[in-house]
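Here's the structure we're looking at; comments come further down.
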Amino acid sequence: MRRRSYSLRMTRRLAEVAKKVGVSEATVSRVLNGKPGVSEATREAVLTALDVLGYERPTQLRGDRARLVGLVLPELQNPIFPAFAEVVGGALAQQGFTSVLCTRTAGGVSEADYVDLLLQQQVSGVVFAGGLYAQADASHEHYALITERRLPAVLVNAAVEHLDFPQVSSDDVVAAEMALGHLRALGHERVGMVLGPRDHMPSRRKLAAFLAKGGDPELVEHTMFSLEGGHAAAARLVGRGVTGVICASDLLALGVVRAARRAGRSVPGDVSVIGYDDSALMNCVDPPLTTVRQPIDAMGRAAVELLVALIDKAEVASDELLFEPELVVRASTARIA
């Protein structure tokens, strides 16, 4: 009876994998038993299907890397991250890889936990966006583990200096200069800035550019990346008489707009606000948000190209590729009255 039960499970597994890949059960059986007569592309497709369906690979095949790529994101509430996941997932699919989305949760699965899981699954590589590599005070031990295991990995946006991975970044210096230049051209002199935590590397870069262009350090606030964080920071800035605010994300900017209105100020009549990212629906909010657009399409494709090159054992420099952002002017900024 036990043999028959095992046989039924095996037959069911062959049928599921064959259906997933679009080949015969006999072909799947040849791959699982390591027999010849199967193309490399079909073999890889069968092994990937095993991983996706949650089946263990046969012992003799576990040393091979799956055609799976981990995509590790900090959250999905900020629309920029689902948009980036869509770009990366599509680019990976064109290269024959399947993306595995890993999203950190407060008090739940950590980035280090996901790295352990992805290593166990024998993934081919990992793309990180908005990860702990961007926080100077965070633990970075799991990145050392990736290096030790020689797992291909690419980081998106600014990282701490000691991590030796290829990076694809939006130019934070240019972004800050664009935003500050736009507000000054509209006559604003008291311009504030709302940034992420003090150890956040992209925020540090934006701040350095702001100060280098004569920005007032007394008009800078650090907070968490959220609507509520933007509101709290802006409540302090509005009391200091700012007429323009540059934000490190669109969510922060929406919090600034809300805080300004609750303080009896109009946007952009009394306070002009600039976001960062140009995430989904920013042209539909009230007022439509002026923001600095990250070129996520180009950045996502570049990250995948770098990762695939690493997977194919090509020589890839660990230099940072900087992509120039774009100022998108809408109705949340105006000439000072």
- Item | Parallel, tilted or perpendicular: ring planes of Tyr143 versus Phe128, cut at 30 and 60 degrees |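 Judged by the thresholds at 30° and 60°, the geometry between Tyr143 and Phe128 is perpendicular.
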
Less than 4.5 Å apart, any side-chain heavy atom of [X] and any of [Y]?
X	Y	answer
Val21	Val28	no
Val69	Val100	no
Glu324	Asp171	no
His231	Val256	no
Val273	Thr290	no
His182	Val329	yes
Asn283	Leu289	no
Glu161	Met201	no

- Task: Report the C-alpha separation of Arg43 and Val46 in whole Å, then their side-chain angles, then the decisive distance to 0.1 Å, and conclude whether the side-chain contact (heavy atoms from CB on, under 4.5 Å) test is met.
- Result: CA-CA 5 Å; Arg43 178 177 176 278; Val46 168; 5.9 Å; no

So which heavy atom on [X] is nearest to which on [Y], and how close?
X	Y	result
Val123	Val126	CG2-CG2, 4.4 Å
Ala209	Ala176	CB-CB, 3.8 Å
Ile274	Ala179	CD1-O, 3.5 Å
Pro202	Ala134	CD-CB, 4.1 Å
Leu252	Gly229	CD2-C, 4.1 Å
Ala153	Ile146	CB-CG2, 4.0 Å

Below 4.0 angstrom, N of the basic side chain to O of the carboxylate: do [X] and [Y] qualify?
X	Y	result
Glu25	Lys20	no
Arg261	Asp270	no
Glu16	Lys19	no
Arg293	Asp278	yes

- Task: Check for a donor-acceptor pair, side chain of Ser272 on one end and backbone N or O of Ala334 on the other, with a separation under 3.5 Å.
- Result: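 Yes, because the side chain of Ser272 sits within donor-acceptor range (under 3.5 Å) of the backbone of Ala334.
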
- Under 3.5 Å: donor-acceptor pair, side chain of Arg190, backbone of Asp216: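 The answer is no, because no donor-acceptor pair under 3.5 Å joins these two groups.
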
Tell me whether [Y] is reachable from [X] by hopping between hydrophobic residues (I, L, V, M, F, W, Y) whose side-chain heavy atoms are closer than 4.5 Å.
X	Y	result
Val72	Leu92	yes
Leu251	Val156	no
Leu195	Val160	no
Val257	Met224	no
Leu119	Leu132	yes

- Message: I'd like to know whether Arg204 forms a side-chain contact (heavy atoms from CB on, under 4.5 Å) with Asp199, so could you lay out the CA-CA distance, the side-chain angles of the two residues, the decisive distance to 0.1 Å, and finally the verdict.
- Response: CA-CA 7 Å; Arg204 285 185 176 183; Asp199 70 330; 4.1 Å; yes

- Can a donor-acceptor pair be found between the side chains of Asp277 and Ser249 at a distance below 3.5 Å?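 The criterion, which ignores hydrogens and geometry beyond distance, is not satisfied for Ser249 and Asp277.
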
Nearest-0.5 Å distance that lies between atom [atom1] in [X] and atom [atom2] in [Y]:
X	Y	atom1	atom2	result
Arg150	Lys313	CZ	NZ	8.5 Å
Leu101	Leu73	CG	CG	5.5 Å
Arg301	Gln95	CZ	CD	12.0 Å
Thr291	Ile246	OG1	CD1	11.5 Å
Asp250	Gln294	CG	CD	9.5 Å
Phe84	Ser279	CZ	OG	14.5 Å

- Message: I'd like to know whether Lys206 forms a salt bridge (charged side-chain N to carboxylate O under 4.0 Å, His left out) with Glu177, so could you lay out the CA-CA distance, the side-chain angles of the two residues, the decisive distance to 0.1 Å, and finally the verdict.
- Response: CA-CA 8 Å; Lys206 291 181 177 73; Glu177 291 175 348; over 6 Å; no

- Message: How about CZ on Arg198, more than 12 heavy atoms from neighbouring residues, nucleotides or ligands closer than 6.0 Å, or not?
- Response: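 No, the 6.0 Å shell around CZ holds no more than 12 heavy atoms from other groups.
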
- Message: Using a 6.0 Å cut-off, check whether atom CD of Gln77 has over 12 heavy atoms from anything other than its own residue.
- Response: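 It does not: Gln77 CD has 12 such atoms or fewer within range.
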
- Message: I'd like to know whether Arg104 forms a side-chain contact (heavy atoms from CB on, under 4.5 Å) with Ser110, so could you lay out the CA-CA distance, the side-chain angles of the two residues, the decisive distance to 0.1 Å, and finally the verdict.
- Response: CA-CA 5 Å; Arg104 303 201 315 258; Ser110 68; 5.6 Å; no

- Task: Compute the centroid of each ring, for His200 and then for His222, and state whether the two points are separated by less than 6.0 Å.
- Result: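 That pair fails the under 6.0 Å test.
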
- Give a yes or no on whether the ring-centroid distance for Tyr114 and His142 is below 6.0 angstrom.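 Tyr114 vs His142: aromatic centres not under 6.0 Å.
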
- Message: Name the residue from Glu320, Arg205, Met299 that meets the side chain to side chain contact (heavy atoms under 4.5 Å, CB included) definition with Asn157.
- Response: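 Answer after filtering Glu320, Arg205, Met299: Met299.
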
- Have a look at Val308 and tell me which of Leu306, Leu310, Asp312 forms a side chain to side chain contact (heavy atoms under 4.5 Å, CB included) with it.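 The side chain to side chain contact (heavy atoms under 4.5 Å, CB included) with Val308 is passed solely by Asp312 among Leu306, Leu310, Asp312.
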
- Query: Could you walk me through whether Val304 and Gln94 pass the side-chain contact (heavy atoms from CB on, under 4.5 Å) check?
  - Reply: CA-CA 10 Å; Val304 170; Gln94 290 176 351; over 6 Å; no

